[in-house]
Protein chains: 2
Amino acid sequence: MPRRTDTRDRMLSTAAELFHTQGYHATGLNQLLSAGAAPKGSLYFHFPGGKEQLAAEALAISGGRLRDALADVLDRANGLGAAVEMMIDFLATTLEDSDFQRGCPLSTVALDAAGSEPIRQACVEGFGSWQALLENALTAEGVAADRAESLAVTTLAAVEGALLLAKTRRDSAPLRAVAAHLRETVERELS
Amino acid sequence: MPRRTDTRDRMLSTAAELFHTQGYHATGLNQLLSAGAAPKGSLYFHFPGGKEQLAAEALAISGGRLRDALADVLDRANGLGAAVEMMIDFLATTLEDSDFQRGCPLSTVALDAAGSEPIRQACVEGFGSWQALLENALTAEGVAADRAESLAVTTLAAVEGALLLAKTRRDSAPLRAVAAHLRETVERELS
DNA sequence: CGCAAACTATGACGACTGGTCTAGTTAGTT
DNA sequence: AACTAACTAGACCAGTCGTCATAGTTTGCG
């Protein structure tokens with residue numbers, strides 16, 4: 001079933017961008033549509049579930065994108081510690097280049113739309129996929145399963161928190177500090 | 001000029017509660033006022049700066065409250081590692097008891113109202129005050145200043161991230177995992 | 001080719017809530 | 001009783017999300 005227009009995709013990527021930088025409630029449908037995405041009526045054609053469905057799908061895309069980026073870094077880097085550092089470096093650059101607008105693409109919405117089950121679910125899956133990647137990388141290096149899990153959560157948490165602090169302070173120093181610490185921690189774990 | 005009502009204070013504490021659980025944009029003035037806080041007109045008498053000022057002041061209060069709690073734990077606990085673990089335990093309990101509504105009182109607003117300078121500033125100060133407490137505790141134990149700073153940021157970041165994950169997953173496991181890891185890290189640093 | 005059926009697009013509309021502010025009432029002081 | 005500071009009610013309109021009737025476009029089939 002070939003698609004005939006790219007409207008749906010345009011909407012999704014505009015939505016991903018706006019929800020990423022502003023959060024769920026701060027992003028109005030009008031803004032989203034007037035951002036060149038589409039006329040109003042089209043939204044409810046492509047997303048019968050309205051704003052909520054649009055957000056959930058946009059988050060799934062954002063989550064997947066970051067997951068791919070992480071998988072890539074994990075492949076390329078030599079050493080897990082280095083990979084984590086590279087990943088954080090990438091996040092810091094993205095944040096700085098966007099004038100401290102683009103932090104974690106999920107966290108803002110995860111917090112401000114925690115009441116919506118579909119949205120929450122999308123975030124759970126996004127976070128989960130990132131964590132799983134870290135966990136696998138750790139077990140591949142010989143770390144025991146339960147230890148790998150708790151180390152992966154901690155790493156993910158530290159990165160998320162650093163993104164929050166960096167965005168709030170408009171200064172990527174927290175990310176750099178956390179990067180160094182995590183590298184240390186990971187490398188000690190593997191030795 | 002004697003005050004005749006406690007309206008202003010009631011507004012602040014209701015605001016603190018709602019912004020804490022819902023964030024800035026998701027919290028409407030109507031909801032806030034009908035939550036028994038006050039009649040509508042009073043808002044702009046007590047807070048000429050409107051919603052923005054109300055939020056900034058409410059955040060300052062929330063930040064101060066948590067700061068005090070942290071200072072208290074840091075005093076009472078025997079050992080810094082234990083203190084961190086106790087603090088996280090307190091946060092986990094608060095989160096669970098509120099049906100996973102009350103995470104960090106600043107982070108939601110910090111992310112979803114990052115565009116407002118007064119609000120951002122209030123968050124910067126709140127986070128800063130928590131970090132300073134940790135930093136002092138570390139240097140008091142003989143950790144070098146720069147090392148103490150980066151360890152304090154990392155600790156704060158990990159806790160914030162864990163709160164985010166726990167709230168999103170509706171499961172405090174991330175907090176428990178991070179608590180154990182941080183205790184380990186802190187105690188290694190001091191030995 | 002020609003036609004019907006399915007698909008996609010459109011923006012005016014409505015019910016409602018958002019934050020703001022002015023005009024007014026109440027209470028304390030002299 | 002007059003004055004002033006403390007407070008409040010509700011009007012206001014821009015903006016919210018969602019609905020709908022209508023129109024246009026593409027596809028498959030006879």
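Below, chain A is the first sequence line, B the second, and so on; all start at residue 1.
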- Query: Who passes side chain to side chain contact (heavy atoms under 4.5 Å, CB included) against A/Glu135, sequence neighbours left out?
  - Reply: A/Gln131, A/Ala148, A/Glu149, A/Ala152
- Query: Rounded to the nearest Å, what distance is computed from the CZ atom of residue B/Phe47 to the P atom of nucleotide C/dC21?
  - Reply: 16 Å
- Would you indicate, yes or no, if C/dG19 has its OP1 or OP2 atom less than 4.0 angstrom from a side-chain nitrogen or oxygen of B/Asn30? no
- Note on the structure: Taken to the nearest whole Å, CG/A/Leu54 to P/D/dC17 is 11 Å
- Item | Atom pair distance, as rounded to whole Å: CD in A/Gln31 and P in C/dG18 | 18 Å
- Query: Taking side chain as C-beta onward, heavy atoms only, is B/Glu189 less than 4.5 Å from B/Val143?
  - Reply: yes
- Item | Partner residues of B/Phe47 under the side chain to side chain contact (heavy atoms under 4.5 Å, CB included) criterion, sequence neighbours left out | B/Arg8, B/Met11, B/Leu12, B/Leu43, B/Gln53, B/Leu54, B/Glu57
- Query: Shortest non-hydrogen contact from B/Ala16 to B/Ser62?
  - Reply: CB-OG, 3.6 Å
- Task: Report the distance from atom CG of B/Leu33 to atom P of C/dG18, rounded to the nearest whole Å.
- Result: 10 Å
- Separation of D/dT16 P from A/Glu52 CD (nearest whole Å): 18 Å
- Message: Could you tell me if A/Lys51 sits above the aromatic ring of A/Tyr24, with its cationic atom closer than 6.0 Å to the ring centre and no more than 45 degrees from the axis?
- Response: yes
Using atom names, set out every protein N or O paired with an N or O of nucleotides 9-16 of chain C below 3.5 Å, distance rounded to 0.1 Å.
from   : atom 1 : to      : atom 2 : distance (Å)
C/dA9  : OP1    : A/Thr5  : OG1    : 2.9
C/dA9  : OP1    : A/Thr7  : OG1    : 2.6
C/dA9  : OP2    : A/His46 : NE2    : 2.5
C/dG11 : N7     : A/Gly41 : N      : 3.2
C/dG11 : O6     : A/Gly41 : N      : 3.2

- Message: Looking at every non-hydrogen atom in both residues, tell me the closest pair between B/Thr108 and B/His20 and how far apart they are.
- Response: OG1-O, 4.0 Å
- Which whole-number value in Å describes the distance from B/Lys51 NZ to C/dT17 C1'? 11 Å
- Phosphate OP1/OP2 of C/dC21: any B/Tyr44 side-chain N/O under 4.0 Å: no
- A/Gln53 CD to D/dG18 C1', in whole Å, measures 14 Å
- Note on the structure: Separation of C/dT8 atom P from A/Asp9 atom CG, nearest Å, is 12 Å
- Please report the closest heavy-atom contact between A/Gln31 and A/Ala26, naming both atoms and the distance. OE1-O, 4.2 Å
- Message: Over all strands shown, is B/Thr27 touching base, sugar-phosphate only, or nothing at heavy-atom distances under 4.0 angstrom?
- Response: sugar-phosphate
